[in-house]
Number of protein chains: 2
Amino acid sequence: MTSDKKLKDILHQYGLKGTTARIIVLDVLVQSQVALSHADILSRIHGEDLDKVTLYRTLSSFVSVGLAHKVANEDRNWLYALLLQNNRRVGIDDHAHFICDQCERIYCLPMDAEDTISVPVMDNGFVIRSHEYRLHGTCPECN
Amino acid sequence: MTSDKKLKDILHQYGLKGTTARIIVLDVLVQSQVALSHADILSRIHGEDLDKVTLYRTLSSFVSVGLAHKVANEDRNWLYALLLQNNRRVGIDDHAHFICDQCERIYCLPMDAEDTISVPVMDNGFVIRSHEYRLHGTCPECN
DNA sequence: GTTTAATTGCAACTTTGTTGCATTATTTGT
DNA sequence: ACAAATAATGCAACAAAGTTGCAATTAAAC
Ligand SMILES: [Mn+2]
Ligand SMILES: [Mn+2]
Ligand SMILES: [Zn+2]
Ligand SMILES: [Zn+2]
């Protein structure tokens, strides 16, 4: 329910053309509190019809410019979520994911500096550059 | 290069029949220090030929009895590794994974009790039951 | 408004993994 | 060592997710 003008502006800020396909998809992603699959997004589009390939390419474009990121679910399908959380860009390495083992929803968890993760003791020769942290359990919707 | 008798004994310990396919696959997994894909395993088998479906089912049987576990790589293909580390069974929840971003190898990292991971601050309503930790960087082979 | 380059839709394709079923091999009991 | 029972195997067909090539369309810039 964000205005097309606002959505178009966001697309332009990220160097993308403000096409109707992108506006539709961005609107769906802005609405969602959880990461969405290709199928999830299609099912959230009513009258408008959008080719499946166009949707794949739209999502790829969002990821490549840093507007969105993708995370694999337990079935190893890609889910997509914006890196914008109420107009602030969240760093991709600065957040973890919560996977609800019941409803399979995936929530992005921005982490503060205090939320440090202590790494396991590594054999010599391994150089750690980043890390990926996935929490499993049940979400508020399932409790 | 483990004797067939020894491999067969391991299979029996886990309640599996000691078939030739399983002996071949288990031998490959015992040898490897990293997790292996379906394709990796096929490429490590010389004279013996093994149907692709049989290999998939062999790996599933190893996982379902707790002899092996599987972990998805960056391409979202399954990699398999034993839960036996020199005759001791490693808990599946008690270890992390190191992904080499250069050679794509995945190493299992058994974690001691000291190697605690501090969790990010969660909104109320989330119940955490387990976690999954993936470290990225470059491995000893690539340094 | 025209031009130009990017985006879209369609069809065909790829890759990884799964399912059904008839054949074969491993156990178990004699 | 042999036979019966049961589980594993091989083959072909299938499924799901995602990709590629290309001609037609559209957004942006002039
Ligand atoms: Mn996220
Ligand atoms: Mn592992
Ligand atoms: Zn849930
Ligand atoms: Zn490496």
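Computed from heavy atoms alone, side chains included, the values below leave out hydrogens, waters and symmetry copies. Source: prediction; values computed, not measured.
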Task: Those residues that, when tested against A:H38, pass side chain to side chain donor-acceptor pair (under 3.5 Å) (two or more places apart) - done: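 Partners of A:H38 under the side chain to side chain donor-acceptor pair (under 3.5 Å) test: none.
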TODO: Could you list the residues that satisfy side chain to side chain donor-acceptor pair (under 3.5 Å) with A:D101, not counting sequence neighbours?
DONE: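 Here the qualifying residues are A:H136.
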TODO: Only counting residues at least two apart or in another chain, list the ones meeting ring-ring contact (aromatic ring centres under 6.0 Å, His included) with B:F126.
DONE: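 B:F126 satisfies ring-ring contact (aromatic ring centres under 6.0 Å, His included) with A:F98, A:Y107 only.
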Task: With B:Y14 via ring-ring contact (aromatic ring centres under 6.0 Å, His included) - residues at least two apart - done: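 With neighbours one apart ignored, the set is empty.
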Task: Nearest heavy-atom neighbours spanning A:C100 and A:C139 - done: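 For A:C100 and A:C139, the tightest heavy-atom pair comes out as SG-N, 3.4 Å.
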TODO: Please name the pair of heavy atoms, one in B:L50 and one in B:A21, separated by the smallest distance, quoted to 0.1 Å.
DONE: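 Taking every non-hydrogen atom into account, CD1-CB, 3.6 Å.
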Quick one: label [X] by what it contacts on the DNA or RNA (base, sugar-phosphate, nothing), any heavy atom closer than 4.0 Å.
X     : answer
A:A21 : sugar-phosphate
B:R57 : base
B:R22 : sugar-phosphate

- [ ] Could I get the full list of salt bridge (charged side-chain N to carboxylate O under 4.0 Å, His left out) partners for B:R134, not counting sequence neighbours?
- [x]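 For B:R134, the residues satisfying salt bridge (charged side-chain N to carboxylate O under 4.0 Å, His left out) (neighbours in sequence not counted) are A:E132, B:E74.
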TODO: Go through DNA chain C in 5' to 3' direction and return only the first and the last nucleotide with some atom under 4.0 Å of chain B's heavy atoms.
DONE: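 Endpoints of the contacted stretch of DNA chain C: C:dT16 to C:dT27.
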- [ ] Can you measure from CD (B:Q85) to SG (B:C108) and round to the nearest 0.5 angstrom?
- [x]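 Between B:Q85 CD and B:C108 SG, I get 6.0 Å after rounding to 0.5 Å.
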Task: Residue from A:V25, A:V28, A:L79 passing side-chain contact (heavy atoms from CB on, under 4.5 Å) with A:L36 - done: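 It is A:V28; the other options fail the test.
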Task: Of A:L82, A:L26, A:L16, A:I23, the residue whose pairing with A:I10 passes side-chain contact (heavy atoms from CB on, under 4.5 Å) - done: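 It is A:L26; the other options fail the test.
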Task: Residue closer to the 5' end of DNA chain C, B:K52 versus B:T20 (nearest nucleotide) - done: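 Looking at DNA chain C, the more 5' nearest nucleotide goes with B:K52.
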Task: Covered region of DNA chain D, 5' end to 3' end, by chain A [heavy atoms, under 4.0 Å] - done: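 Under 4.0 Å from chain A, the extent on DNA chain D is D:dA17 to D:dA28.
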Open item on the list: Strictly by side chain to side chain donor-acceptor pair (under 3.5 Å), give each pair with a member in residues 40-64 of chain B just once, sequence neighbours left out.
Closed with: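 Pairs touching residues 40-64 of chain B that pass the test: B:S37-B:D40.
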- [ ] Within residues 11-19 of chain B, find the residues that approach DNA chain D with a heavy atom at under 4.0 Å, and present them sorted by residue number.
- [x]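 Those residues are B:K17, B:T19.
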- [ ] List in chain and number order the residues that pass side-chain contact (heavy atoms from CB on, under 4.5 Å) with B:D75, two or more places apart in sequence or in another chain; answer none if no residue qualifies.
- [x]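 With sequence neighbours excluded, B:D75 shows a side-chain contact (heavy atoms from CB on, under 4.5 Å) to B:N73, B:N77, B:E104, given in chain and number order.
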Task: Set of side-chain contact (heavy atoms from CB on, under 4.5 Å) partners for A:R129, sequence neighbours left out - done: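 Scan of A:R129 (side-chain contact (heavy atoms from CB on, under 4.5 Å), adjacent residues dropped) gives A:V127, B:T138.
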Task: Global bending angle along the helix from C:dG1-D:dC30 to C:dT30-D:dA1, which compares the axes of five pairs at either end, to 10 degrees - done: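 Nearest ten degrees gives 40° for this helix.
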Task: 5'-most by nearest nucleotide on DNA chain D - B:R76 or B:T54 - done: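 Final value for this comparison: B:T54.
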